There are 2 protein chains.
Amino acid sequence: MITLYLAEDQSMLNSALTQLLELEDDLHVVGSARDGKTAWVDLQQLRPQVAILDIEIPGMSGLDVADRLRAADWETKVVILTTFAQQAYFERAVNAQVAGYLLKDSPSDDLIDTIRQVMQGKTVYAPELVVNMFSAATNPLTSRELAVLAEADKGLSTKTIAANLYLSAGTVRNYLSAIFSKLGVHNRLEAIKVAKDNKWLTNESGTKGG
Amino acid sequence: MITLYLAEDQSMLNSALTQLLELEDDLHVVGSARDGKTAWVDLQQLRPQVAILDIEIPGMSGLDVADRLRAADWETKVVILTTFAQQAYFERAVNAQVAGYLLKDSPSDDLIDTIRQVMQGKTVYAPELVVNMFSAATNPLTSRELAVLAEADKGLSTKTIAANLYLSAGTVRNYLSAIFSKLGVHNRLEAIKVAKDNKWLTNESGTKGG
DNA sequence: ACTTCGATGTGACAAATGTCATGAGTTGGT
DNA sequence: ACCAACTCATGACATTTGTCACATCGAAGT
């Protein structure tokens with residue numbers, strides 16, 4: 001009997017998968033959560049054999065949870081289950097030595113297969129991502145530049161950004177200028193777009209919406 | 001026996017729900033698709049009693065399919081199943097007289113309940129959305145202003161926007177200025193954010209990503 | 001007929017933005 | 001010890017943006 005834990009914030013998928021996994025004779029879902037913190041607390045208690053983690057969940061991301069599990073060095077294996085192929089996520093997952101990385105763009109039977117395979121000590125990664133691994137651009141921006149760009153993304157003026165980061169306005173403009181030249185664009189809007197497309201900048205998407 | 005059709009592009013959810021619905025004695029999934037066009041073709045053939053449609057699917061949106069079903073005037077009832085509360089979508093769905101509108105942020109049992117209820121002739125809408133219905137701000141921008149803002153959202157300069165829309169640069173700046181004052185902001189970036197938050201501007205989110 | 005509103009345009013002006021050169025202090029690596 | 005890269009800063013300059021005041025024209029409404 002393989003014990004499972006599921007962290008997935010979309011209730012529809014969470015409950016559907018839970019019920020589906022329970023139908024398998026050799027699988028048992030010992031718990032589930034809709035946010036990262038609850039998941040982490042539960043995992044410490046329950047110590048399941050496999051933790052299925054969505055990345056984009058509130059509070060603490062699935063990758064954060066994976067890191068902690070790695071650090072704790074328990075026998076719990078991690079299967080990341082995420083929406084779409086994002087190289088940066090995948091790389092972090094590989095670094096956290098997760099046992100599996102599956103896209104939601106796969107049928108649910110694949111998840112069941114993956115669970116059984118990782119329990120046999122295998123590592124199962126979505127092939128799309130492994131291929132991409134070599135063609136992905138790496139973030140050319142320094143952390144400071146990224147911070148400036150993140151402020152710019154809020155729609156703030158140079159002056160306000162400077163105030164927020166305790167810099168002079170001139171410095172902020174220099175950073176922006178450096179960013180543009182690195183990204184091959186000529187204004188903040190485009191820079192933000194490029195950075196978001198490449199996932200160098202988080203898509204916080206504002207107050208409402210989602 | 002209630003016959004169902006499922007249009008949902010996320011394979012994991014599609015297959016999980018299909019299997020789950022099949023487990024119910026009174027429900028039978030006669031088909032499913034991952035894109036709108038296939039769904040429409042199938043629906044014409046299969047004529048299920050209930051069509052469960054995701055909105056954001058490739059090709060033809062779930063709402064487009066709902067419109068066509070409405071126009072065809074068959075007995076197929078529509079249940080919209082979508083990710084998050086977006087007022088504009090909901091309003092369009094209400095206009096298309098869908099029988100149900102459910103968020104993926106609900107457990108899968110709710111979907112089963114909803115299906116049974118709509119078959120009894122009831123209309124089931126997610127309460128979150130009905131409440132919002134009255135507080136939703138209406139778009140103060142004219143269609144021309146929206147077009148200008150959409151161009152600005154691409155990261156284009158005033159000059160380029162003017163060229164694209166066959167306007168003078170001055171006119172474009174006037175529009176932008178009018179937009180800012182209507183939205184209570186002072187630059188394009190903020191205007192774009194506000195417009196997107198209120199779903200007056202589509203979140204196209206660029207080349208990659210998703 | 002008169003008014004309002006949207007689409008479109010100009011010109012002028014102030015403020016913000018982007019570019020470039022240049023320099024100094026720090027840190028990490030060879 | 002030296003170099004490269006990152007952080008932070010100025011100053012000067014050109015360009016872009018954003019604001020304002022006006023003006024014309026057509027459609028819609030009173």
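No hydrogens, no waters, no symmetry mates; every other heavy atom, side chains included, goes into these values. Below, chain A is the first sequence line, B the second, and so on; all start at residue 1. Since this is a predicted model, take the numbers as computed values, not measurements.
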**Student:** Between atom CD1 in A/Ile161 and atom P in D/dC8, what is the gap in whole Å?
**Tutor:**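 Atom-to-atom, A/Ile161 to D/dC8, this comes out as 14 Å.
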**Student:** Can you check whether A/Tyr175's main-chain N or O pairs, donor with acceptor, with A/Glu145's side chain at less than 3.5 Å?
**Tutor:**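 A pair under 3.5 Å: no.
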**Student:** Return the orientation label for the B/Trp74 and B/Trp40 ring planes: parallel under 30°, perpendicular over 60°, tilted otherwise.
**Tutor:** parallel
**Student:** Please report the closest heavy-atom contact between B/Glu56 and B/Tyr89, naming both atoms and the distance.
**Tutor:** OE2-OH, 2.9 Å
**Student:** Given C/dA16, D/dC8, C/dT17, which nucleotide is nearest the side-chain atoms of A/Lys159?
**Tutor:** C/dA16
**Student:** Which heavy atom in A/Ala7 sits nearest to a heavy atom in A/Ile57, and how many Å separate them?
**Tutor:** CB-CD1, 4.1 Å
**Student:** Write down the distance between CZ (A/Phe180) and P (C/dT19), rounded to a whole number of angstrom.
**Tutor:** 6 Å
**Student:** Hey, does the side chain of A/Arg188 come within less than 4.0 Å of C/dG18's phosphate (OP1/OP2), counting only N and O?
**Tutor:**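 So the side-chain polar atoms of A/Arg188 do come within 4.0 Å of the phosphate oxygens OP1 or OP2 of C/dG18, strictly under.
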**Student:** When the distance from CD1 of A/Ile179 to P of D/dT7 is rounded to whole Å, what number comes out?
**Tutor:**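 It works out to 10 Å between those atoms.
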**Student:** Report, one pair per line, the protein and nucleotides 23-28 of chain D atoms (nitrogen or oxygen only) whose separation is under 3.5 Å.
**Tutor:**
none

**Student:** Can you name the closest pair of heavy atoms from A/Ala66 and A/Leu53 and give their distance?
**Tutor:** N-CD1, 4.0 Å
**Student:** How long is the line joining NZ of A/Lys182 and C1' of C/dT19, in whole Å?
**Tutor:** 16 Å
**Student:** For A/Arg173 and D/dA14, what is the distance between atoms CZ and P respectively, to the nearest whole Å?
**Tutor:**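 Atom-to-atom, A/Arg173 to D/dA14, this comes out as 14 Å.
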**Student:** Categorize B/Ser143 for me: base, sugar-phosphate, or nothing, with a 4.0 angstrom heavy-atom threshold over every strand shown.
**Tutor:** sugar-phosphate
**Student:** Between P on D/dT16 and NE2 on A/His186, what's the gap in Å once rounded to a whole number?
**Tutor:**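 Going from NE2 in A/His186 over to P in D/dT16 covers 11 Å.
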**Student:** Test B/Leu43 against B/Arg68 for side chain to side chain contact (heavy atoms under 4.5 Å, CB included), laying out the working first.
**Tutor:** CA-CA 10 Å; B/Leu43 285 168; B/Arg68 294 213 188 173; over 6 Å; no
**Student:** Using whole Å, what does the distance between atom C1' of nucleotide C/dT17 and atom CD of A/Glu190 come to?
**Tutor:**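 After rounding, the gap between these two atoms is 14 Å.
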**Student:** Between D/dG11, C/dT17, C/dT8, which nucleotide gets closest to the side-chain atoms of A/Ser157?
**Tutor:**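 From the listed options, C/dT17 comes nearest.
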**Student:** Output the residues of residues 163-172 of chain B in contact with DNA chain C, where contact means a heavy atom of the residue under 4.0 Å from an atom of the strand; sort by number or write none.
**Tutor:**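 Output list: B/Leu167, B/Ser168, B/Gly170, B/Thr171.
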**Student:** Has B/Lys77 got a side-chain atom pairing as donor or acceptor with B/Ala99's backbone, closer than 3.5 angstrom?
**Tutor:**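 No: the side chain of B/Lys77 does not pair with the backbone of B/Ala99.
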**Student:** Charged N to carboxylate O under 4.0 angstrom, A/Glu190 versus A/Lys193?
**Tutor:**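 A salt bridge is absent here (no side-chain N lies under 4.0 Å from a carboxylate O).
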**Student:** Would you mind classifying the nucleic acid contact of B/Arg144 as base, sugar-phosphate or nothing, using non-hydrogen atoms under 4.0 angstrom?
**Tutor:**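 Sugar-phosphate contact only.
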**Student:** Of the listed nucleotides (D/dT16, D/dC20, D/dC6), which one gets closest to any side-chain atom of A/Thr142?
**Tutor:**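 Of all the options, the side chain of A/Thr142 is nearest to D/dC6.
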**Student:** Nearest heavy-atom pair of B/Ser108 and B/Leu17: which atoms, and what distance?
**Tutor:** CB-CD2, 4.2 Å
**Student:** Separation of B/Asn174 atom CG from C/dT10 atom C1', in whole Å?
**Tutor:** 9 Å
**Student:** Identify which nucleotide among D/dT7, D/dA21, C/dG18 has an atom closest to any side-chain atom of A/Asn187, counting heavy atoms from C-beta outward.
**Tutor:** C/dG18
**Student:** Would you mind telling me which of C/dT17, D/dG18, D/dT19 lies closest to the side-chain atoms of A/Thr158?
**Tutor:** C/dT17
**Student:** Any idea which of D/dG18, C/dA7, D/dT7 is nearest the B/Tyr175 side chain?
**Tutor:** C/dA7
**Student:** So which heavy atom on B/Ala51 is nearest to which on B/Leu69, and how close?
**Tutor:** CB-CD1, 4.3 Å
